[in-house]
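Comments concern the structure below.
Atom set for the values below is all heavy atoms of this structure, side chains included, hydrogens, waters and symmetry mates excluded. In what follows, chains are A, B, ... by sequence order, proteins preceding strands, each numbered from 1. Remember, it's a predicted structure, so these values are computed and weren't measured experimentally.
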Protein chains: 2
Amino acid sequence: MPKSTTRTYSRYSRTAAALLGVLIREARTEKKLTAQELAERAGISRGLLQRIEKGNLKCEIGAVFEVAAIVGIKLFDADERRLTKYQRETEDKLTLLPKSVRKPTKAVHDDF
Amino acid sequence: MPKSTTRTYSRYSRTAAALLGVLIREARTEKKLTAQELAERAGISRGLLQRIEKGNLKCEIGAVFEVAAIVGIKLFDADERRLTKYQRETEDKLTLLPKSVRKPTKAVHDDF
DNA sequence: CTATTATGCACTCTCTATGAATCATTTATA
DNA sequence: TATAAATGATTCATAGAGAGTGCATAATAG
């Protein structure tokens with residue numbers, strides 16, 4: 001990233017990430033997995049898992065999803081089958097929508 | 001990151017990210033926002049938004065959540081109030097669980 | 001059909017998130 | 001209670017994510 005980015009996040013995003021973090025922590029504990037074990041299974045470092053469990057928003061989404069999937073947290077509350085089906089349906093709807101969004105030209109001629 | 005990481009993702013994670021991407025794209029189109037506009041509102045670049053809409057797993061989760069929130073995609077199917085409530089409840093449950101996971105020592109003495 | 005705008009893609013440069021390693025602290029169990 | 005293990009916290013080097021840019025192409029308003 002060029003320049004300093006110091007992103008600012010909405011409260012909603014922060015809360016969502018924090019929630020996902022504690023859900024993961026809870027599921028991991030219930031499954032009796034150590035941080036090290038879960039990290040290894042997910043192919044990430046223990047440090048990254050720590051940040052994920054703390055709800056850090058700068059983690060890559062792939063790592064977070066991977067960990068969540070391993071401990072059994074259903075994203076979108078759906079298993080893979082439903083996820084795929086839902087994705088197809090959404091893609092279908094997308095083809096019906098305009099492929100690019102045009103802003104109306106200011107010359108609206110509402111000045112009679 | 002040290003060493004080459006070339007992470008590998010499960011199908012579930014890939015599908016989930018892809019779904020989130022098309023949902024965002026759909027919502028953006030319905031709200032008649034250009035990629036540039038949405039990116040600006042989220043405080044990210046258009047390039048990053050493109051990757052998010054394509055379901056790229058290497059984007060930072062904060063950016064994805066931020067964009068999703070802006071176009072009105074409810075994460076965990078919950079508004080901020082419910083999200084916060086749910087988070088508190090989960091944190092409470094967490095305090096009841098052991099704070100660290102111990103693996104049983106192999107000396108189980110099941111060798112009579 | 002045409003003009004104009006949005007999107008897709010590729011490139012460079014910069015900065016930072018990640019993996020690894022280490023130490024301090026907390027915690028479960030034998 | 002003693003003690004080995006798990007977690008928390010910090011540091012460091014670096015691979016690679018993200019911003020910015022330009023251009024080709026697609027797509028829509030008029």
Exercise. Run the salt bridge (Lys or Arg N to Asp or Glu O under 4.0 Å) check on E37(A) and R28(A) step by step: do they pass?
Worked result: CA-CA 10 Å; E37(A) 284 173 337; R28(A) 174 172 73 78; over 6 Å; no

Seminar exercise, completed: Looking only at dA28(C), dT7(C), dA27(D), the nucleotide nearest the R28(B) side chain is dT7(C)

Problem set entry | dA17(C) phosphate, OP1 or OP2, under 4.0 Å from R7(A) side-chain N/O | no

For this session: Measure distances between side-chain N and O atoms of R102(A) and base N and O atoms of dT5(C), and say whether any donor-acceptor pair falls under 3.5 Å.
Result: yes

Seminar exercise, completed: Rounded to whole Å, the CD1-P distance (I61(B) to dT18(C)) equals 11 Å

Exercise. Closest approach of R14(A) and L57(A), non-hydrogen atoms and distance?
Worked result: CG-CD1, 3.6 Å

Seminar exercise, completed: In whole angstroms, the gap separating P of dT18(C) from CG of L57(A) amounts to 11 Å

Exercise. Between A63(A) and V101(B), who's closer to the 5' end of DNA chain C by nearest nucleotide?
Worked result: A63(A)

For this session: Using heavy atoms to find the nearest nucleotide of DNA chain C for K99(B) and L33(B) separately, return the residue whose nucleotide is more 5′.
Result: L33(B)

Problem set entry | Sub-4.5 Å side-chain heavy-atom contact between F76(A) and L23(B) | yes

Seminar exercise, completed: All heavy atoms of D79(B) vs all of R82(B), minimum pair found to be OD1-N, 3.0 Å

Problem set entry | Nucleotide dA17(C), atom P - distance to CG of N56(B) in whole Å | 16 Å

Seminar exercise, completed: S100(B) has its side chain closest, among dG18(D), dA28(C), dA27(D), to dA28(C)

Problem set entry | Nearest-neighbour nucleotide for the R25(A) side chain, dG8(D), dT28(D), dA28(C) considered | dG8(D)

For this session: Report the C-alpha separation of E66(B) and R7(A) in whole Å, then their side-chain angles, then the decisive distance to 0.1 Å, and conclude whether the salt bridge (Lys or Arg N to Asp or Glu O under 4.0 Å) test is met.
Result: CA-CA 11 Å; E66(B) 206 64 23; R7(A) 242 194 272 289; over 6 Å; no

For this session: May I ask you to list the residues of residues 35-55 of chain A, by number, that have any heavy atom positioned under 4.0 Å from an atom of DNA chain C?
Result: I44(A), S45(A), R46(A), L48(A), R51(A)

For this session: Look at the side-chain heavy atoms of Ile, Leu, Val, Met, Phe, Trp and Tyr, link any pair under 4.5 Å apart, and say whether Y12(A) and L20(B) land in one connected group.
Result: yes

